[in-house]
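In listed order, ligands and their atoms are each counted from 1.
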Amino acid sequence: MVTPRLDWHLECSACARTRPADGLATVCDCGQPWLVRYDGRRPGPAGEAESRWREGMWRFRAFLPLCQGEEPVTLGEGDTPLLRIDRTGRRLGFGNLWLKDEGTNPTGSFKARGLSAAVTRAVAAGAARFVVPTAGNAGVAAAAYAARAGASARIYAPRTTPAAILAQIVTFGGELIVLDGHIGDCGKAARNFAAESGATDLSTLREPYRIEGKKTLGLEIAARMGWRLPDAIIYPTGGGTGLIGMWKVFRELLEAGWVEGPLPRMYCVQSDGCAPVVRAFERGQDHCDPWPEPWTIASGLRVPGPLGDRLILRALHASGGAAIAVSDEQITRVAREVSAEEGIDLSPEGGAAIAAAIVGRERGWLRPDESIVAFNTGAGWLYRNPADLLQS
Ligand SMILES: *Cc1c(COP(=O)(O)O)cnc(C)c1O
């Protein structure tokens, strides 16, 4: 196999050590995640079509880890709708409220973006076998992108994962292992399996490229808004990849001159049944303490001890944002209301984002005239049991 020349390197997010990007990187010796730094790339002017990829997230390849002439492992992820939700906005007292509907991605969630990038780089480095712990949607995406690359994937998921999500993992040929416990327990099992089998671990921030894929959330918002940025972004946060990725790319866009400041204030939302970032933010800590006995119906948010805690908290502070906890009862009610009101299939995580907008408005953090982008990170149907819905 000819190794393509990589025009980027890796830099530790904590101790600033660097290393070449060749091979399969995990985390720095200090235990913290690597970040991708591009060497002397000069993206052309904003909006210029730079590649033959006209559709999907890979059209932004000037900001992505892809070599000259290289083809990514893709299922057409990205280019999801950024929808104004005026009816909901008016009801809640906002004049400029938007929802980015990530449920329309292949595999039903924005995990497609990160896994497309991670699997692309891992396969280029010779990986043929993957493992991932998941609260649900990452497992679906890992199974699908592994299949797309002609590789195999073992997926560790909690027994409490919604049945439709588990079924999708199996549908895409994933080797599903269901465990009692939460994603932290699945993570340990995945790391053991990786150590004994040589499988490549795709866990959040244990490889550097899922962040790069998630950067395209920010690129698409900026492109859609004519290379301007909204005032605030509300992001349902589990491992934090998307929040970290968007904050990274906003700074890369500033540096490239594609946008001007100020950058959006970043708001993280979690369920009050698992809110390690919110608690750390409120206590003024620079890291999270693991949340004991995490539980929420928003399974993507059930991450008791995120590895990217320092990066998440740094982005909240640097952007002038905040962290907001909402209850599962609010999450469920708001997801149901907005789905019926706007015709968008909100996942519980999407419900959490709009519920957080209500809280932010009450606290005076979000003003009625501001442009606000909330995320529906996954498709609601993946969480539902149709029989329950039709009975009640
Ligand atoms: C994984 C997931 C999240 C959390 O995303 P992170 O980038 O890990 O914080 C939110 N919503 C859904 C639907 C998810 O699948």
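Salt-bridge formation is detected for the pair E212/K248: a Lys NZ or Arg NE/NH1/NH2 atom is positioned less than 4.0 Å from an Asp or Glu carboxylate oxygen. Using a 4.0 Å cut-off between charged side-chain N and carboxylate O, R361 and E370 make no salt bridge. Classification of E329 and R333 as a salt-bridged pair holds, one side-chain N sitting under 4.0 Å from a carboxylate O.
Any N or O atom pair closer than 3.5 Å counts here, and G378 shares no such pair with ligand 1. At least one N/O-N/O distance between G240 and ligand 1 falls below 3.5 Å. Polar contact with ligand 1: absent for T204 (N/O pair, distance under 3.5 Å).
Counting protein heavy atoms only, atom 1 (C) of ligand 1 is closest to K111 NZ, 1.3 Å. In terms of protein heavy atoms, atom 10 (C) of ligand 1 is closest to T377 OG1, 3.5 Å. Among all protein heavy atoms, the one lying closest to atom 5 (O) of ligand 1 is F110 CZ, 3.3 Å.
In this structure, Y383 and I165 have side chains that are in contact, with non-hydrogen atoms separated by less than 4.5 Å.
The local environment of CD in E255 is sparse, with at most 12 non-hydrogen atoms from other residues, nucleotides or ligands closer than 6.0 Å.
Listed by number with element, the atoms of ligand 1 under 4.0 Å from a non-hydrogen atom of N137 are 13 (C), 14 (C), 15 (O). Less than 4.0 angstrom separates some heavy atom of Y383 from each of these atoms of ligand 1: 13 (C). Interface of G242 with ligand 1, defined as ligand atoms under 4.0 Å from a residue heavy atom, comprises 7 (O). The ligand atoms of ligand 1 that sit less than 4.0 angstrom from a heavy atom of T237 are 9 (O). Listed by number with element, the atoms of ligand 1 under 4.0 Å from a non-hydrogen atom of K214 are 7 (O). Which parts of ligand 1 touch Y235 is read off a 4.0 Å heavy-atom cut-off, strictly below it: atoms 5 (O), 6 (P), 7 (O), 9 (O).
In this structure a side-chain-to-backbone donor-acceptor pair under 3.5 Å is missing from E282 to R279.
Within the structure, ligand 1 lacks F375 among the residues with a heavy atom less than 4.0 angstrom away.
The side-chain tip of R363 points at the ring of W365 from less than 6.0 angstrom away and within 45° of straight on.
When the heavy atoms of G239, P236, A141 are ranked by distance to atom 8 (O) of ligand 1, first place goes to G239.
Under the 4.5 Å side-chain heavy-atom criterion for Ile, Leu, Val, Met, Phe, Trp and Tyr, I234 and I331 are members of the same hydrophobic cluster.
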Could you check T160 against R302 for side-chain hydrogen bond (donor to acceptor under 3.5 Å, both in side chains), going step by step and ending with a plain yes or no? CA-CA 11 Å; T160 49; R302 196 176 164 212; 2.8 Å; yes
